[in-house]
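Here is the structure we will look at, set down as structure tokens.
Keep in mind the model is a prediction, meaning the values are calculated, not measured. Numbering of ligands and ligand atoms starts at 1, following listing order.
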Amino acid sequence: MNQQLMSRLAKVNGFLLDMDGTLYVGPNAMTGARAFISALKTASLPYLVFTNNSSRAKGVYRDRLGKLSMETRLEHVLTSGDASADYLANETTYRRVFVLGTEALKVACEGAGLTVCDAHEAPDCVLLGYDITLTYASLTDACLLVAKGLPYYATHADKTCIDPRGLLPDAGAIIAAIETTTGLKPTILGKPELSMLDAGLRKLKKSKDQLIIVGDQLDTDITMGAQHKVLSCLVLSGETSRKQLELSDVSPDIVVENIGELHALFQQTGRLMN
Ligand SMILES: [Mg+2]
């Protein structure tokens, strides 16, 4: 690794860490993940774990990491659902939201001070998430509101979600159904968009030049770093293979096999002592 990159690593003072494919896959922690989280805590280096999955509440991720011996407090978890609710509450004047999403996303919106409404209760905007409770009736409501011209947002646009059974339809697939019906696309608020990065920076109380984004996906984690000039590290332990990286236009600043290798680089800079 060149000297310029090592000196950038030495200045890192905030970590945005993707979870699935980076810290764990299924029930298994990734190589080096436990030691890395433990070292960040020992060095009192601020970090957030973040995910584009807006179907579950923050507590689900805290509990999951806890079971894998990576104890993490609720305030260290950022989902695209929370980032989207924060964005609508802080950056728009819309207060009444029709949510095409799970109960967890509705709770996130209410937690940010928004009112969650049904389609007939005069919502100001539509927020779409990874809705594992989707019905034809709720999809119809969303299509009619979007077609009427209501401001339309989505927590993220990932097309698929990895599952032991195979690839499942994620928010992007629901976005596609609404686009097929209405011809309209939402404003995306999760990774790789600035709204998600800003939500992370606000929580960490850091600036972009102090941050590193670590993740396994080129089109979300690494694009977020590249688009917004934040140092990025691709781990090859998840969705992206070295072949896919070679074929991609998206260039991470650092590429490692797993988060344990990134830990070793930080140790070389003296940033992490254990
Ligand atoms: Mg991931």
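- Ring geometry, Phe36 versus Phe15: the interplanar angle exceeds 60°, so the pair is classed perpendicular (tilted spans 30 to 60°).
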Which donor-acceptor pairs under 3.5 Å do the side chains of residues 233-241 make with protein atoms, sequence neighbours left out?
{"unit_1": "Ser237", "atom_1": "OG", "unit_2": "Gly21", "atom_2": "O", "d": "2.8"}
{"unit_1": "Glu239", "atom_1": "OE2", "unit_2": "Gln217", "atom_2": "NE2", "d": "3.3"}
{"unit_1": "Thr240", "atom_1": "OG1", "unit_2": "Asp216", "atom_2": "O", "d": "2.6"}
{"unit_1": "Ser241", "atom_1": "OG", "unit_2": "Gln244", "atom_2": "N", "d": "3.1"}
{"unit_1": "Ser241", "atom_1": "OG", "unit_2": "Gln244", "atom_2": "OE1", "d": "3.3"}

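- Other cluster members for Leu144: none, since no ILVMFWY side-chain heavy atom sits under 4.5 Å from it.
- No side-chain N or O of Asp198 forms a donor-acceptor pair with one of Ser195 less than 3.5 Å apart.
- Within a radius of less than 2.8 Å around the Mg ion (ligand 1), the protein N, O or S atoms are Asp18 OD2, Asp20 O, Asp216 OD1.
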Problem - Evaluation steps, side chain to side chain contact (heavy atoms under 4.5 Å, CB included), between Ile37 and Leu65 - result: CA-CA 10 Å; Ile37 295 288; Leu65 289 167; over 6 Å; no

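- Under the rule for a ring pair (Phe, Tyr, Trp, His ring centres under 6.0 Å), Tyr94 has no partner lying at least two apart in sequence or in another chain.
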